[in-house]
Amino acid sequence: MEFLCTSAESRALDRFAGEKLKIPADVLMENAARGIVDAIERRRGPVAGKSYTIVCGKGNNGGDGLAAARHLALRGAGKILVLTTGSPASFSPLARMQFEILKRMSSAGTGTPIILRPVRGRGDLRSIPASDVLIDALIGTGCHDDVSGVAKLAVDWMNSRSEFTVSADVPSGLDADNGFPCGTAVHADLTVTMAAVKIGLVTGKGPAYAGEITLTDIGCPPAIPGSAPTVMRVVQDDIAPMLPRRAFDAHKYSVGRIFVLAGSRGFTGAAAMTATAVLRSGAGAVVLGTPESVYPILAKKLTEVMVTPLWETAGGTVGGVAYDQLKTHIDWADVLLLGPGIGRHDETTELIFTILRKIDKPVLLDADALNAVSSDPSILKKTRGDTILTPHAGEFSRLTGVANTELEKIRLSAGRDFAKRFSLTLVLKGAPSLVATEEGQVYINSTGNPGMATAGSGDVLAGLICGLRAQGMSSRNAAIAGVFIHGSAGDLAKQELGERSLLADDISRHLPAALRRATAPESS
């Protein structure tokens, strides 16, 4: 897994490299600058003969940009314009050193014209000719308050340009911790990040600002040795080792028995998609409990699922008295999945609470089961089996009592805190989805696309995770792998159908291919 770091962890890593490893800070800067230029060449071809505009701030991010200007010149760039905000006297020591080197290099006439131009106001940004590449080295990881003054002018100016734009470490103006712009932020085509990927590049609005992300090695470890990483990004190679191997003598009751409580009058689709996804995961047997009035519809539609009718309310939802009918199926099952399309009737809510009080088996709560629990989240402390929750943003807002707009910027820390507080596994759906564990670790997904924002997509995900859990995976691994494979299926569906017309059923149909892609060779 890829370790992701906060801005504070990035600074701590710099201190560790200098104080413990005795790596001079100017060596790290030199490596960062070389990494920026290498990344540009990989993406845009040889430097020689091309023109570059570099916007440098007064901190070490600006120092990276100044050092990169020198490396561009040494590789034969045709012309380099360096725009600096602030006077050299206000630069950080490292940035000032790089500025003086570049100034001497410019006056020495090394071959490549290097123009150093200060930016004090809007007028200094007028009539600047287009270049082949624009490099943003203005702010870096240190932005947490709204960008203002000359820095804002520079960010807005960069966004008005048509050049291919490369940001050093983090697009200027983007909060490196939550991925939201501080009022404004640079829209980069490529972000070259140093040592470790910053959380804000892959969460919140970060992906929309960062463009392509490439990680460059600057000569120090990506994390302080002995420190336990708390935020990781899940990639393809992580999934295969998690997936269960099916025994030669496996039978349908040895590879996962799941009881699903889903559906209500007018909401049969959620039940069908969830139960189908459970089976698509590789689980052996599924019993679907659903209100008796919709039983004929689902029994006809689902040929591989055992559908059982349950007593219902006048509103067509499962009634509170249905627990006696459910008990046999609950005792039979390895894992329970409660919630898709069950509605919000008071009796249905009470049934969910009754089940949670009495069971000692793994349970996944989704959709209306989450809405039921939001009336009294303390019930989650009373469950005896391990619990997985799969809320989207609105459902998580109801569970926490925090407005959705506030949660947006703290979803990672809020998800972690909730999972720890209630000792459960939380799948917080979104772009990207994340998994938080009761131990305080957070796993950010790297698959999926905007076409998956469609009704029923979450039902497929819930069924997939539950099916993996029933096959013997831990709740943590089932959630991580389920989210990744679900996103991978969505990506495969996009390749075939495009984003705009993607349906949840398309995601479900591509689950076998996504699972095959993720399966280790020894288990295939």
Side-chain angles (χ1 to χ4, degrees), residues 259-275 277-278 287-295 297-298 307-327 329-330 336-359 363-383 387-405 407 418 422 424 426-430 453-463 465-466 504:
F259 174 70
V260 178
L261 181 66
S264 61
R265 195 179 302 155
F267 293 93
T268 56
M273 287 185 286
T274 301
V278 173
V287 171
L288 169 63
T290 199
E292 53 193 2
S293 64
V294 300
Y295 163 78
I297 300 170
L298 290 168
V307 185
T308 186
L310 302 172
W311 292 323
E312 66 179 62
T313 67
T317 67
V318 178
V321 294
Y323 183 78
D324 291 339
Q325 292 175 290
L326 297 178
K327 190 173 186 311
H329 302 301
I330 290 173
L336 311 181
L337 194 167
L338 312 177
I342 61 173
R344 302 190 189 185
H345 194 282
D346 289 345
E347 283 191 36
T348 311
T349 295
E350 184 52 41
L351 175 62
I352 296 297
F353 276 71
T354 300
I355 295 172
L356 293 178
R357 289 189 195 101
K358 293 186 176 182
I359 63 168
V363 60
L364 185 149
L365 303 179
D366 184 48
D368 286 326
L370 296 171
N371 292 321
V373 167
S374 66
S375 65
D376 182 11
S378 67
I379 187 66
L380 295 170
K381 289 182 175 288
K382 300 171 185 175
T383 56
T387 306
I388 303 173
L389 269 59
T390 56
H392 57 55
E395 290 160 346
F396 192 53
S397 175
R398 287 188 284 275
L399 283 166
T400 59
V402 180
N404 204 347
T405 51
L407 281 173
F418 191 91
F422 292 104
L424 50 77
L426 177 77
V427 176
L428 185 50
K429 295 179 287 194
T454 185
S457 177
D459 301 317
V460 175
L461 175 61
I465 293 172
C466 193

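Between Val278 and Leu288, every side-chain heavy-atom pair lies at or beyond the 4.5 Å cut-off. Residues Phe259 and Leu326 are in side-chain contact: their nearest non-hydrogen atoms beyond the backbone lie under 4.5 Å apart. Here the side chains of Val318 and Ser264 are not in contact, with every heavy-atom distance at 4.5 Å or above. Side chains of Ser374 and Leu399 form a contact here, defined as non-hydrogen atoms less than 4.5 Å apart. Taking 4.5 Å as the limit, some side-chain heavy atom of Leu356 sits within range of a side-chain heavy atom of Val373. Two residues are said to be in side-chain contact when any heavy atoms from C-beta on lie closer than 4.5 Å; Pro291 and Thr313 fail this criterion. At a threshold of 4.5 Å between non-hydrogen side-chain atoms, the residues Leu424 and Leu389 count as touching.
Annotation: the span from Thr390 atom OG1 to Asp459 atom CG amounts to 9.0 Å, rounded to 0.5 Å. Atom-to-atom distance recorded for Leu261:CG and Asp366:CG is 12.0 Å, nearest 0.5 angstrom. In this structure, CZ in Phe267 is found 11.0 Å from OG1 in Thr317, a value given to the nearest 0.5 Å. For the atom pair Leu364 CG and Leu370 CG, the distance stands at 8.0 Å (nearest 0.5 Å). Between the OG1 atom in Thr387 and the CG atom in Leu426 there is a gap of 11.5 Å [rounded to 0.5 Å]. With rounding to the nearest 0.5 angstrom, the CG atom of Asn404 is 9.5 Å from the NE2 atom of His392.
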From CA spacing to verdict: side-chain contact (heavy atoms from CB on, under 4.5 Å), Ile355, Leu338: CA-CA 9 Å; Ile355 295 172; Leu338 312 177; 3.9 Å; yes

Test side-chain contact (heavy atoms from CB on, under 4.5 Å) applied to Tyr323 and Ile330, step by step: CA-CA 10 Å; Tyr323 183 78; Ile330 290 173; 4.1 Å; yes

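Across all non-hydrogen atoms, the minimal contact from Gly320 to Leu351 is O-CD1, 3.9 Å. Across every non-hydrogen atom of Ser293 and Arg265, the tightest pair is OG-NE, 3.7 Å. The two atoms that bring Tyr295 and Val307 nearest to each other are CE1-O, 3.2 Å, heavy atoms only.
When atom types are taken as modelled, the side chain of Glu292 and the backbone of Pro309 share no donor-acceptor pair closer than 3.5 angstrom. Judged by distance alone, with hydrogens and angles left aside, the side-chain atoms of Ser397 form no donor-acceptor pair with the main-chain N or O of Ala393 at under 3.5 Å. Judged purely by atom type and a 3.5 angstrom limit, Thr308 has no side-chain atom pairing as donor or acceptor with the backbone of Gly289. Without hydrogens or angle criteria, Ser375 side chain to Ala372 main chain gives a donor-acceptor distance under 3.5 Å. At distances below 3.5 Å, at least one donor-acceptor pair connects side-chain atoms of Thr400 with backbone N or O atoms of Phe396. Side chain of Thr290 to backbone of Ala262: a donor-acceptor contact under 3.5 angstrom is found. Side chain of Glu347 to backbone of Gly319: no donor-acceptor contact under 3.5 angstrom is found. When atom types are taken as modelled, the side chain of Ser457 and the backbone of Ala504 share no donor-acceptor pair closer than 3.5 angstrom.
A salt bridge does not link Asp376 with Lys382: none of the charged nitrogens is closer than 4.0 Å to a carboxylate oxygen.
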